[in-house]
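Contents: one structure, followed by commentary.
Model, not experiment: these values are computed from the prediction.
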Amino acid sequence: MKHKFFTLIITAMTFSQGLSAQQLNFSKIKAYEHQLDDVMEITDTTQLKAKLKEVELQFRQQPNELNQVRLGLIYHETALNLSFFSKTEYKGYAQKSFDQLSNLFNSPATSSALMPYIASYRASALSLVGAETKKLKLLGEAFRLFQDAVTQYAALSYLPEFLRGSVAENLPWYFISKRKFAKLDFPSIISRQKKDAAYANWKVMSFTYLAWAKQHRSNKYRKQAISYLDQSIALDPNYKAGRHQAETLKLEFLK
């Protein structure tokens with residue numbers, strides 16, 4: 001009986017220590033989010049061009065780990081929002097993002113709390129490289145990287161599922177096996193957010209509620225979709241995230 005009693009005590013202590021470690025990791029990850037938020041999900045192209053110059057200058061002046069991550073992320077946003085609308089000036093930024101983030105990903109010295117950002121954006125950057133170069137095998141590799149990121153980090157960060165879902169929802173219809181993730185990842189984020197309000201920020205949730213509604217256009221989901229669109233709009237009073245698209249889509253639902 002004594003042996004069982006002490007086993008229970010040790011097991012409880014181990015569980016408590018593991019939980020504390022997880023909470024500490026989540027706290028560190030969220031702390032980095034505040035330092036990276038200004039280089040993620042930038043939809044205003046004028047703002048993006050100014051931020052690109054700012055981040056490149058910061059990295060030249062202080063080439064530390066955090067500034068390297070910021071550089072990789074701003075290159076990703078540049079590729080996503082500018083390279084497909086320019087014949088020459090912003091071509092290659094997807095590859096620059098992937099290279100920067102790969103250097104960090106493969107370094108044993110990289111801070112573990114930065115890995116959800118690095119792994120997720122690295123996978124997304126590779127999908128952009130595939131789109132720009134029209135090499136479909138890179139898209140397959142990107143989704144393998146996404147799966148690794150989801151497996152390792154989705155419990156602590158919305159980014160793996162958010163970025164994978166964002167890539168998936170924009171693929172042509174014939175990528176059926178990959179488009180399915182848009183219907184899996186966004187509901188997963190919403191579910192996690194309901195359990196912990198600190199899981200994702202307002203900007204991400206505005207886009208996430210919008211994405212859910214876009215994926216559920218049938219009459220069966222009409223009421224829920226409109227409810228989520230209202231939440232997307234409410235979270236974005238200054239039109240910095242999904243509000244404009246949410247308002248447009250809501251009008252379609254109400255016709």
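Side-chain contact, D148 with Q152: no donor N or O sits under 3.5 Å from an acceptor N or O. A donor-acceptor contact under 3.5 angstrom links the side chains of E56 and Y75, judged on distance only. The closest side-chain donor-acceptor pair between R243 and S206, if any, does not fall under 3.5 angstrom. Side-chain N/O atoms of Q147 and T151 include a donor and acceptor closer than 3.5 Å. A donor-acceptor contact under 3.5 angstrom links the side chains of E247 and Y239, judged on distance only.
Contact of the L128 side chain with the V167 side chain is not registered, since no non-hydrogen atoms from C-beta on lie closer than 4.5 Å. Two residues are said to be in side-chain contact when any heavy atoms from C-beta on lie closer than 4.5 Å; K214 and E169 meet this criterion. When side chains are defined from C-beta on, R164 does not count as touching L184, because their heavy atoms never get closer than 4.5 Å. With contacts defined as side-chain heavy-atom distances shorter than 4.5 Å, the pair Y209/L235 qualifies. Residues Y117 and L159 form a side-chain contact, since some pair of their non-hydrogen atoms from C-beta on lies under 4.5 Å apart. Counting heavy atoms from C-beta outward, Y32 and S111 have side chains that approach closer than 4.5 Å. Here the side chains of E252 and R217 are in contact, with some heavy-atom distance below 4.5 Å. Looking at M205 and I189, their side chains come closer than 4.5 Å, going by heavy atoms from C-beta outward.
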(request) List the steps, then state whether side-chain contact (heavy atoms from CB on, under 4.5 Å) holds for D99 with K96. (result) CA-CA 5 Å; D99 291 343; K96 291 170 74 171; 5.8 Å; no
(request) Test side chain to side chain donor-acceptor pair (under 3.5 Å) on Q68 and N64 and set out the steps. (result) CA-CA 6 Å; Q68 187 175 352; N64 56 37; over 6 Å; no
(message) One pair to check against side-chain contact (heavy atoms from CB on, under 4.5 Å): F143 and L126. What are the steps and the verdict?
(response) CA-CA 9 Å; F143 271 81; L126 187 59; over 6 Å; no
(request) Start with the C-alpha gap between L82 and L52, add the side-chain angles, then the distance that decides, and say whether side-chain contact (heavy atoms from CB on, under 4.5 Å) holds. (result) CA-CA 11 Å; L82 296 175; L52 173 62; 5.6 Å; no
(message) Using the rule given for side-chain contact (heavy atoms from CB on, under 4.5 Å), can you reason through L114 versus L104, listing the C-alpha separation, both sets of side-chain angles and the distance that settles it, and then say yes or no?
(response) CA-CA 9 Å; L114 279 168; L104 288 159; over 6 Å; no
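For the pair E141 and K137, the salt-bridge criterion is not met [side-chain N within less than 4.0 Å of a carboxylate O]. Between E41 and K240 there is no salt bridge, since none of the side-chain N atoms of the basic residue sits less than 4.0 Å from a carboxylate O of the acidic one. Remark: R70 engages D38 in a salt bridge, criterion side-chain N to carboxylate O under 4.0 Å. Salt-bridge check for K51 with E54: passed, with a basic side-chain N closer than 4.0 Å to an acidic carboxylate O.
The closest donor-acceptor contact from the side chain of K30 to the backbone of A198 lies under 3.5 Å. Between the N67 side chain and the P63 main chain, no donor and acceptor come within less than 3.5 Å of each other. For the pair E77 (side chain) and I42 (backbone), a donor-acceptor distance under 3.5 Å is present. Using a distance-only test at 3.5 Å, with no hydrogens or angles considered, a donor-acceptor pair links the side chain of T248 to the main chain of H244. Not one N or O on the side chain of E132 forms a donor-acceptor pair closer than 3.5 Å with the backbone of A94. Using modelled atom types, one side-chain atom of S97 and one backbone atom of G72 make a donor-acceptor pair closer than 3.5 Å. The closest donor-acceptor contact from the side chain of T208 to the backbone of V204 lies under 3.5 Å. Put simply, the side chain of S166 gets close to the backbone of F162: a donor and an acceptor are under 3.5 Å apart. Using modelled atom types, no side-chain atom of S191 and backbone atom of P187 make a donor-acceptor pair closer than 3.5 Å.
To the nearest 0.5 angstrom, I190 atom CD1 is 11.5 Å from D185 atom CG. Taken to the nearest 0.5 Å, the CG atom of L156 stands 9.0 Å off from the CZ atom of R192. Put simply, CZ on R122 and CG on N103 are 9.5 Å apart, with the number rounded to the nearest 0.5 Å. Put simply, NE2 on H34 and CG on N201 are 8.5 Å apart, with the number rounded to the nearest 0.5 Å. Atoms CG and NZ, on L171 and K180 in that order, are 13.0 Å from each other to the nearest 0.5 Å. Interatomic distance, N81 CG to K49 NZ, rounded to the nearest 0.5 Å: 11.0 Å.
Ring pair Y199/Y158 is perpendicular by interplanar angle, where above 60° counts as perpendicular and below 30° as parallel. Taking the six-membered ring for Trp and thresholds of 30 and 60 degrees, Y90 and Y93 have ring planes inclined between 30 and 60 degrees apart.
Considering every non-hydrogen atom in both I226 and K250, the closest pair reads CG2-CE, 4.2 Å. Y153 and P160 make their closest contact through CB-CG, 4.0 Å (heavy atoms, listed as atom of the first residue, atom of the second, distance). Across all non-hydrogen atoms, the minimal contact from P116 to S112 is CD-O, 3.7 Å. The heavy-atom pair separating S124 from L163 by the smallest distance is CB-CD1, 4.3 Å. Between L101 and L73, the closest heavy-atom pair is CD2-CD1, 4.0 Å. Closest of all the heavy-atom pairs between A225 and A213 is O-CB, 3.9 Å.
With sequence neighbours excluded, no residue forms a side chain to side chain donor-acceptor pair (under 3.5 Å) with D236.
In the hydrophobic clustering of this structure, L145 does not group with L139; members are Ile, Leu, Val, Met, Phe, Trp, Tyr whose side-chain heavy atoms approach within less than 4.5 Å, directly or through other members. A single hydrophobic cluster is not seen to contain both L251 and L229; linkage of ILVMFWY side chains at heavy-atom distances under 4.5 Å, directly or through other members, places them apart. Following chains of ILVMFWY side-chain contacts shorter than 4.5 Å, one cannot reach I233 starting from W202, and the two form parts of different hydrophobic clusters. Residues L138 and F105 are members of separate hydrophobic clusters, defined by side-chain heavy-atom contacts under 4.5 angstrom among Ile, Leu, Val, Met, Phe, Trp and Tyr. No continuous path of ILVMFWY side-chain contacts below 4.5 Å connects L57 to L36, so the two sit in separate hydrophobic clusters.
Aromatic ring centroids of W212 and Y228 lie under 6.0 Å apart.
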